[in-house]
Amino acid sequence: MILFRRYKRYIHVCLLMGLWLTSMSCAATESPAEKMTPSLYDRLGGKPAITAVVDAFVGNVANDSRINGRFATTDIPQLKRHLVDQVCSASGGPCIYSGRDMKTTHAGMRISTAEFTALMQDLVAALNTFSVPDREQKELLGLLGPMQSDIVEIP
Ligand code: HEM
């Protein structure tokens, strides 16, 4: 009994440290599902697949009379390179986006919400051309959608 009292405080400290260590290791460790899910970049098929989607996307924009006038004087090969790097980087790939930020790029263009929607529809059509699954489409649109507030100036 005396022995138990002496070590009671020690046992308490050990128990608390055990709980603390367990909670720390749980917080630091990913769940098995998180560990096993590859990045969006990998699920899209890496840079070759992203390049193919961007090619189709820009082709759709070029045929879209709602917005193609916007790109009349644009350096299209450079735009494609920037879009590929932007999507690659945003989806967890190894690329570095070296273009301008979205606010600076589109400042003063007076882009409307309708034009933004048109461009997104052209992107979805390109993703469908390559049968990109719903989940990956949603994740990609989820990365690009929030850029709307930096791009659209006419609600
Ligand atoms: C989420 C949607 C959009 C994304 C991710 C995006 C991305 C980009 C990128 C990466 C560039 C190249 C930047 C650079 O060269 O430094 C660019 C340029 C451009 N974007 Fe967007 N854009 C979006 C929406 C739009 C919309 C809705 C329009 C108009 C309908 C538009 C019109 C343009 C034009 C005209 C340029 C070329 C500017 C120039 O020639 O200097 N963009 N965009």
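Just so you know, ligand 1 is whichever comes first in the structure, and atom 1 is the first atom listed for that ligand. Sequential numbering from 1 along the given sequence is applied to the chain's residues.
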Undergrad: Hey, does the side chain of Ser91 reach the backbone of Cys88 with a donor-acceptor pair shorter than 3.5 angstrom?
TA: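 Indeed, once roles are kept as given, a pair shorter than 3.5 Å links the two residues.
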Undergrad: For ligand 1, indicate whether the residue Met109 contacts it via side chain, backbone, both or neither (heavy-atom separation under 4.0 Å).
TA: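 Only the side chain of Met109 comes within reach of ligand 1.
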Undergrad: Distance-only criterion, 3.5 Å: show the donor-acceptor pairs between side-chain atoms of residues 65-82 and protein atoms not counting sequence neighbours.
TA:
residue: Arg66; atom: NE; partner: Asp64; partner atom: OD1; Å: 3.0
residue: Arg66; atom: NE; partner: Asp64; partner atom: OD2; Å: 3.4
residue: Arg66; atom: NH1; partner: Gln121; partner atom: OE1; Å: 2.8
residue: Arg66; atom: NH2; partner: Asp64; partner atom: OD2; Å: 3.0
residue: Arg66; atom: NH2; partner: Gln121; partner atom: OE1; Å: 3.2
residue: Asn68; atom: ND2; partner: Ala62; partner atom: O; Å: 3.0
residue: Arg70; atom: NE; partner: Glu115; partner atom: OE2; Å: 2.8
residue: Arg70; atom: NH1; partner: Met109; partner atom: O; Å: 2.6
residue: Arg70; atom: NH2; partner: Met109; partner atom: O; Å: 3.1
residue: Arg70; atom: NH2; partner: Arg110; partner atom: O; Å: 3.0
residue: Arg70; atom: NH2; partner: Glu115; partner atom: OE1; Å: 2.9
residue: Arg70; atom: NH2; partner: Glu115; partner atom: OE2; Å: 3.4
residue: Asp75; atom: OD1; partner: Gln78; partner atom: N; Å: 3.2
residue: Lys80; atom: NZ; partner: Asp55; partner atom: OD1; Å: 3.3

Undergrad: Specify the protein heavy atom at minimum distance from atom 33 (C) of ligand 1: its residue, its atom name, and the distance to 0.1 Å.
TA: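 For atom 33 (C) of ligand 1, the nearest protein heavy atom is Phe71 CE2, 3.4 Å.
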Undergrad: Shortest non-hydrogen contact from Ser89 to Tyr97?
TA: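 That closest heavy-atom pairing would be CB-N, 4.5 Å.
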Undergrad: Report the nearest protein non-hydrogen atom to atom 37 (C) of ligand 1: residue, atom name, distance rounded to 0.1 Å.
TA: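 Of every protein heavy atom, Thr74 OG1, 3.5 Å lies nearest to atom 37 (C) of ligand 1.
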Undergrad: Can you check whether Gly108's main-chain N or O pairs, donor with acceptor, with Glu153's side chain at less than 3.5 Å?
TA: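 It does hold such a pair.
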Undergrad: With side chain to side chain contact (heavy atoms under 4.5 Å, CB included) as the test, pick out the partner of Lys138 among Leu140, Leu141, Asp134.
TA: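 By the side chain to side chain contact (heavy atoms under 4.5 Å, CB included) criterion, Lys138 pairs with just one of Leu140, Leu141, Asp134: Asp134.
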Undergrad: Could you pull out the closest heavy-atom pair between Ile151 and Phe116, with the gap in Å?
TA: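 Shortest heavy-atom separation between Ile151 and Phe116 comes out as CD1-CE1, 4.1 Å.
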Undergrad: Identify, by atom number and element, the atoms of ligand 1 in contact range of Phe116, meaning under 4.0 Å from any of its heavy atoms.
TA: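 Once the distances to Phe116 are compared, the set is 1 (C), 2 (C), 27 (C).
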Undergrad: Tell me the closest heavy-atom pair linking Tyr41 and Pro94, and the distance in Å.
TA: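 Looking at all heavy atoms of both residues, the closest pair is CZ-CD, 3.5 Å.
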Undergrad: Check whether any N or O atom of Thr73, backbone or side chain, sits under 3.5 Å from an N or O atom of ligand 1, and answer yes or no.
TA: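 No, Thr73 has no N/O under 3.5 Å of an N/O on ligand 1.
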Undergrad: Minimum heavy-atom separation for Lys47 and Cys95, please, with both atom names.
TA: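 Smallest heavy-atom distance, with atoms named: CD-SG, 3.9 Å.
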Undergrad: Out of all atoms in ligand 1, which are within 4.0 Å of some heavy atom of Met147? Include the element for each.
TA: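 In order of number, 5 (C).
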Undergrad: For atom 30 (C) of ligand 1, which protein heavy atom lies nearest, and how many Å away is it?
TA: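 So the nearest neighbour among protein heavy atoms is Ile67 CG2, 3.7 Å.
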Undergrad: When rounded to the nearest 0.5 angstrom, what distance separates CG in Leu127 from CD in Gln137?
TA: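 One gets 4.5 Å once the value is rounded to the nearest 0.5 Å.
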Undergrad: I'd like to check which ligand 1 atoms, numbered from 1 as shown, lie under 4.0 Å from a non-hydrogen atom of Gly99.
TA: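 Every atom of ligand 1 under 4.0 Å from some heavy atom of Gly99: 16 (O).
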Undergrad: Taking 2.8 Å as the limit, list every protein N, O or S atom around atom 21 (Fe) of ligand 1, by chain and residue number.
TA: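 Near atom 21 (Fe) of ligand 1, below 2.8 Å, one finds His106 NE2.
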Undergrad: When only distance counts, is Gln86 in polar contact with ligand 1, meaning an N/O pair under 3.5 Å?
TA: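 By distance alone, the answer is no.
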Undergrad: N/O of His82 under 3.5 Å from N/O of ligand 1, yes or no?
TA: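 Such a contact does occur with ligand 1.
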Undergrad: Considering non-hydrogen atoms of the protein only, which is the closest contact for atom 41 (O) of ligand 1, and what is the distance?
TA: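 Answer for atom 41 (O) of ligand 1: Arg100 NH2, 3.2 Å.
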Undergrad: Just to confirm my output: which protein heavy-atom neighbour is closest to atom 35 (C) of ligand 1, and how far is it?
TA: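 The protein heavy atom lying closest is Arg70 O, 3.2 Å.
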Undergrad: Going by the atom numbers of ligand 1, which of them fall below 4.0 Å from some non-hydrogen atom of Met120?
TA: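 It comes down to these atoms of ligand 1: 1 (C), 2 (C).
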Undergrad: Would you indicate whether the side-chain heavy atoms of Thr113 and Gln148 approach each other to under 4.5 Å?
TA: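 Side chain of Gln148 against side chain of Thr113, heavy atoms only: contact under 4.5 Å found.
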Undergrad: Taking all heavy atoms of Asp42 and all of Pro38, pick out the closest pair and write down the distance.
TA: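 For Asp42 and Pro38, the tightest heavy-atom pair comes out as CB-CB, 4.0 Å.
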Undergrad: What's the shortest heavy-atom distance between Asp101 and Thr104, and which atoms?
TA: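 Nearest heavy atoms, Asp101 then Thr104: OD2-OG1, 2.6 Å.
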